[in-house]
Amino acid sequence: MKKAKNLIDLRSDTVTKPCAEMVTAMMAAEVGDDQYQDDRETNLLQEEIAQRLGKESALWVPSGTMANQIALRVATNPGDDVIVSTQSHAVWHEAGAGAANASVQFTEIGSAGRFTASDFENAIKPPNHHIYPPTTMVQIENTHNRCGGGVFDFDELNAICDLAKGAGVFSYLDGARLWNAAIFGGQSVAALAAPFDAVMVSMSKGLGAPGGSVLAGNADFIQSAIRQRRMLGGAMRQTGYYAAAGRFALKNNIARLFEDHAHAGQMARLVSESQYIELDMSSVCTNIVVFKLNEWAISAFSLEAALKEHGVLVNALDNRTIRLVSHLGVDEKDCIFAANAVVRLVEEMSANTASL
Ligand SMILES: *Cc1c(COP(=O)(O)O)cnc(C)c1O
């Protein structure tokens, strides 16, 4: 068994720790009280993100979840309908916050984390109807977390945002991993963000900063977001230490994301060889691999526990589904070791179960 310090951690790209140079950049940050807009690094990060995303204004927030909550609070009213993809972060990973903080309902459409303009058109509930809850927001998650880092079709997202504009529906991009989508498609993040009213990007995922996300949109949206951030308890003071890590990440950790994608592709190819594993290789686009254990295999929770014993940490999303995420803290060797361990353990343990 590997020693604890040598664990290969593929649970998420959020497990990344700041490198020595990032820590140096954080220590050198010129900080101030961000509630007086005195924090120079935070101001610079907000300007840089607004500019990179082609939006008027941007706001640093402690987490991506808070960014998503703020957007709901600014752009919807209680009782409204919000259209999202299947397996969306809003429905699965925000602890029920959308219902609690914004009193909205979510309608999940499409499949595998994606939907088409026509799916969307059919799901819009018109305003001023005496029975329907009005649809006031559509969210697109790009890349898609629970659906294996999938990239949303560029023409569809443009068509969806066009329809949204025509229907008076606010379009919101959950771009926690937007740079992964940009690298995959060979596009700029500005092109991917352009059709949306507002966008969130995370510094704390594959970019490797210890925390923080940034919300971007027009000046009015950001003005309202500042109030909502405070109401949610997210108005912090010397945020420049985080912002400096974010700026370091923008400069140094974007170009290398293609390596994470290559590592995820390698893991996917190796695990897909197992007769107990179902994985559509075309679903693997970026740094996430989500696969199913078939009915003859052990459960995902058993595999997760067994892998841990062998020094590999993964995430069982449910009883049949495992997620592996590559990031700057693991190299090719680690990923090959982990994928081989997955295959070996699944084969051994499933065969043992079958012979009982
Ligand atoms: C991680 C994630 C978030 C939330 O970010 P946190 O900083 O963890 O709150 C939102 N959306 C997606 C798609 C994510 O993967």
Side-chain angles (χ1 to χ4, degrees), residues 9-18 45 49 53 58-73 82-98 100-102 106 108 110 112-115 137-152 157 171-182 184 189 192-193 196 198-216 225 228-229 232-234 236 239 242-243 245-246 249 257 260 264 283 285-290 315 317 321 323-327:
D9 194 346
L10 302 172
R11 288 172 300 175
S12 176
D13 43 13
T14 54
V15 302
T16 45
K17 292 173 190 165
L45 176 65
I49 294 283
L53 295 175
L59 182 69
W60 185 89
V61 293
S63 72
T65 300
M66 188 180 286
N68 290 353
Q69 293 307 305
I70 290 171
L72 287 174
R73 303 241 323 176
V82 175
I83 293 178
V84 297
S85 62
T86 52
Q87 303 277 313
S88 72
H89 197 275
V91 171
W92 282 84
H93 290 198
E94 297 181 14
N101 291 323
F106 293 104
E108 291 182 293
R114 278 164 258 190
F115 52 88
M137 182 187 281
V138 58
Q139 293 191 3
I140 285 178
E141 197 175 312
N142 200 14
T143 67
H144 202 288
N145 183 338
R146 286 180 71 90
C147 292
V151 176
F152 212 95
L157 70 79
S171 55
Y172 180 71
L173 172 59
D174 178 339
R177 295 184 182 81
L178 194 61
W179 275 280
N180 296 87
F184 173 79
V189 284
L192 296 176
F196 292 91
V199 187
M200 176 276 275
V201 290
S202 292
M203 303 291 104
S204 56
K205 300 278 166 84
L207 294 195
S213 284
V214 184
L215 197 52
Q228 294 301 332
R229 180 181 67 177
L232 290 169
M236 290 168 65
T239 50
Y242 283 105
L257 289 174
D260 297 344
S283 74
C285 305
T286 57
N287 69 325
I288 305 180
V289 180
V290 170
N315 224 323
L317 295 183
T321 314
R323 188 185 70 179
L324 312 173
V325 185
S326 57
H327 52 75

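Remember, it's 1-based here, ligands and their atoms both numbered in the order they're listed.
Of the residues listed (L53, V138, N142), the one engaging L173 in a side chain to side chain contact (heavy atoms under 4.5 Å, CB included) is N142, and it is the only one. A side chain to side chain contact (heavy atoms under 4.5 Å, CB included) with V214 holds for exactly one of V199, V61, L45; it is L45. Considering I70, L215, L59 in turn, I70 is the only one that fulfils the side chain to side chain contact (heavy atoms under 4.5 Å, CB included) rule with Q228.
Side-chain contact check for Q87 versus W92: some heavy-atom pair is nearer than 4.5 Å. Side-chain atoms of R177 and N287, non-hydrogen and from C-beta on, do get closer than 4.5 Å to each other. Within the 4.5 Å cutoff, no side-chain heavy atoms of I83 are placed close to those of F106.
Taking each heavy atom of V151 and C285 in turn, the nearest pair found is CG2-CB, 4.0 Å.
When only interatomic distances are considered, the shortest N/O to N/O separation between T65 and ligand 1 falls below 3.5 Å. Polar contact check, D174 against ligand 1: a nitrogen or oxygen pair lies under 3.5 Å apart. Considering backbone and side-chain N/O of T143, none are found under 3.5 Å from N/O of ligand 1. Annotation: R177 places an N or O atom under 3.5 Å from an N or O atom of ligand 1; distance criterion only.
From the protein, the heavy atom lying nearest to atom 1 (C) of ligand 1 is K205 NZ, 1.3 Å.
When the shell of 6.0 Å around CZ of F115 is examined, it contains more than 12 heavy atoms from other residues, nucleotides or ligands.
By the criterion of a heavy-atom distance under 4.0 Å, neither the backbone nor the side chain of T14 is placed next to ligand 1. Looking at H144 against ligand 1, nothing comes within 4.0 Å, counting heavy atoms. With a 4.0 Å cut-off on non-hydrogen atoms, S63 touches ligand 1 through its backbone as well as its side chain.
Nearest-residue assignment for atom 12 (C) of ligand 1 (options H89, H93, E141, Q69; heavy-atom criterion): H89. Summarising the contacts of atom 5 (O) of ligand 1 with C147, S85, G64, the nearest heavy atom is found in G64.
Heavy atoms of M66 come nearer than 4.0 angstrom to ligand 1 in no pair at all.
Proximity to N145 (heavy-atom distance under 4.0 Å) selects the following atoms of ligand 1: 14 (C), 15 (O).
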